[in-house]
Structures are given as structure tokens and as C-alpha cells.
Amino acid sequence: MAVCTNLLQGQTSEWALLKRHQCEDIFGVQLEGAFPDTMTKCAELLNRTVEVDFVDINVGCPIDLVYKKGGGCALMNRSAKFQQIVRGMNQVLDVPLTVKIRMGVQERVNLAHRLLPELRDWGAALVTLHGRSREQRYTKLADWQYIEQCVAVASPMPLFGNGDILSYEDANRAMQTGVAGIMIARGALLKPWLFTEIKEQRHWDISSSERLDILRDFTRFGLEHWGSDTQGVEKTRRFLLEWLSFLCRYVPVGLLERLPQRINERPPYYLGRDYLETLMASQRAADWIRISEMLLGPVPPKFVFLPKHKANAYK
């Protein structure tokens, strides 16, 4: 996901987000913006300079910084601008244009079912619907019944569903609604092996050492990208700590009283089957730093990068 105005201004940090790794067989770019002229210009620029398989419009972002400027899910209430953006981008792109939306802005005031036929007529090739409103955020479960109702409204345009997928059973239930596919977001941060579970239709009781191997790969990729000097190591550590703030919410299959784990359930403190499994379950930022030191060495005193929402927890 990239902000279109930052791309048009040539910000190198924003253009870095659009780099395609050689292992990515399907690669798309999601653009966030609020105005037809800048979004269309940006789409035209991407079409000429970046190797992508599709371009997506971000109409799902709920954060105030984006919403108050008219972007993200604010576009759901700005249908004239929204239409101009979709039509304009579709005209200049040689690849499919897709759109990510929410159910609506306000809770209990759903807009998606009215917008989907219009999006189809405006030229969207596919829409992904997150089963929550902007106001709702994550306070309630995603509404898959509403997503199911929207499948028929969107037809023949494919509709993907999004929300609360953390197991292969969740994925199977979602596909039974008639959606053409599913999008996975937080579930991939909590449990990156989720895709293997879906493909193989099983619960994977992954060991702590196997999970550490995944983190080891992550740190290796970070050092390859940012370099192995002090700055590169600590930049990698910063993103690793951010990820660990999600990974700690996973509960190993072998310790669950019932399967599967639900994405909205916050586990209580528990002892793992070994020291490392217990450490990985910790909600303490100091323990995340300890895990990072296993992979990247000690933290220099002047480099303590913590996830912003967890920084105060470190003593």
C-alpha cells in the first residue's frame, strides 16, 4: 500500500514499497488517495514504470489521518469523486483495477450493497469487502452474513471477503458464502503458516524451533535489504519487534482446550511446552527484545526500537 501523493512527489521511501521480490508470482499495488486527478496520474505512472499484475484502490482505511482528508473509507460517502477515481484509473491502466471497501462508515448504516453494482458499472474488475464498518473497527466480529448478501448484488463481478480468518475452518466457512476468494490480513501476522494450513486442510502444531526458523528467515531478509551494519541491524530489529507484538497472540495447537483459536480471543498467560514457547507467548516488550537478541545480537543502548503502541511497556 502506498500513498499516491507521496509517489507523485518522488519520495524514495514510498517508491521502495512498490519493489517486487523475485519470489512473488502475483503482485499488486494498493493506492491511497482522495482526488481523481492525482489518483489517475499515479495510476498512469505505475502503468509505465512498475511491473504489477493489478492495482487496488484503498477505500477501507479507517484511520483519522486518511479519513479526514477524504481518502480511505471516506470515499464511500463521496460517490461522485469515487466514480471519477475508478473510471479515470481504469482508463489509463493495462492491468485489472480492483477496490477494497468496508461495509460502510457508520455502524448499522451499510453502504457496500449499494456501491457494488456501481463499482461493477464503473469498471472495477474485483472488489474485496471487509465485513466491518469504520466506526466498528475490531470491536465486533466481521459480518460474513452481510458479505454473503453482497455476493449476489456484485455478480457477475467477483467479490472477495475479508475478516477474522485464522484457521482453515474459518477459510472454508468463508468460501461457503459464495465469495470468489478471501483476503487474509491480521491472521497472516498472527500465524504466517496459516496459508499452509488452508492448503493442506489441517491444524499445524508448529514447534517453537520451527517458529524461530521463520523469524530467522525474516531477519535474514531484513539484513539483505537494509544491510548488516548497525543501522541495518536495528532497522530490521524495529520491524521484528513490531511483528512480535502480533505473533505473541498465537496459542499453540497442542495447548488449546478446543480448536480452532478465534482471532478475537486474547489468550491469558500460559506456560509453553519449552522455554522458547513460553517466551514467544509473552506480552512483555522486554521479552520481545530478548527474542530479537537471539537473532540479531544485543541491543546497543542508543538503539531501542519498540512498536509505538507498546513502547511504554518496556522498563
Would you mind reporting whether L271 and L255 have side-chain heavy atoms less than 4.5 Å apart?
-> no

Gap between atom CG of L116 and atom SG of C150 - 0.5 Å precision = 5.5 Å

Does the pair W204 and V253 meet the rule for a side chain to side chain contact (heavy atoms under 4.5 Å, CB included), with working shown?
-> CA-CA 7 Å; W204 182 3; V253 169; 6.0 Å; no

Report yes or no: is the cationic atom of R78 (NZ for Lys, CZ for Arg) under 6.0 Å from the centre of the six-membered ring of F35, at an angle within 45° of the ring normal?
-> yes

Might you work through the ring pair (Phe, Tyr, Trp, His ring centres under 6.0 Å) test for Y250 and W193, ending with a clear yes or no?
-> CA-CA 11 Å; Y250 168 72; W193 52 93; 4.9 Å; yes

Would you call E118 and R87 a salt bridge, taking side-chain N to carboxylate O under 4.0 Å as the test?
-> no

Check whether any side-chain N or O of R290 sits under 3.5 Å from a backbone N or O of A285 as a donor-acceptor pair, and report yes or no.
-> no

Is any side-chain heavy atom of V109 closer than 4.5 Å to a side-chain heavy atom of S133?
-> no

R134 NZ/CZ over Y67 ring centroid, <6.0 Å and within 45° of normal | yes

Donor-acceptor pairs are to be reported for all side-chain atoms of residues 123-132 against protein atoms at under 3.5 Å, with residues two or more places apart or in another chain.
unit_1	atom_1	unit_2	atom_2	d
H130	NE2	R132	NH1	3.0
R132	NE	R137	O	3.2
R132	NE	K140	O	2.9
R132	NH1	D164	OD1	3.4
R132	NH2	K140	O	3.1
R132	NH2	D164	OD1	2.5
R132	NH2	D164	OD2	3.1

Do I263 and L194 sit in the same hydrophobic cluster, where Ile, Leu, Val, Met, Phe, Trp and Tyr count as joined when their side-chain heavy atoms come under 4.5 Å apart?
-> no

For the pair E234 and R237, find out whether any cationic side-chain nitrogen is under 4.0 Å from an anionic carboxylate oxygen.
-> yes

Ignoring hydrogens and angles, tell me if any N or O in the side chain of Q261 forms a donor-acceptor pair with the backbone of L166 under 3.5 Å.
-> no

Side chain to side chain contact (heavy atoms under 4.5 Å, CB included) assessment of I85 paired with I57 = CA-CA 9 Å; I85 288 171; I57 305 174; 3.9 Å; yes

Check whether any side-chain heavy atom of V59 sits under 4.5 Å from a side-chain heavy atom of R102, and report yes or no.
-> no

Step-by-step side chain to side chain contact (heavy atoms under 4.5 Å, CB included) determination, M1 to L17 | CA-CA 7 Å; M1 194 278 281; L17 299 172; over 6 Å; no

Decide yes or no on side chain to side chain contact (heavy atoms under 4.5 Å, CB included) for M280 and I291, but give the supporting numbers first.
-> CA-CA 8 Å; M280 287 177 164; I291 294 170; 4.2 Å; yes

Qualifying ring-ring contact (aromatic ring centres under 6.0 Å, His included) pairs, either residue in residues 145-181, two or more places apart = H113-Y146, Y168-H203

I101 versus A112, closest heavy-atom pair with distance = CD1-CB, 3.9 Å

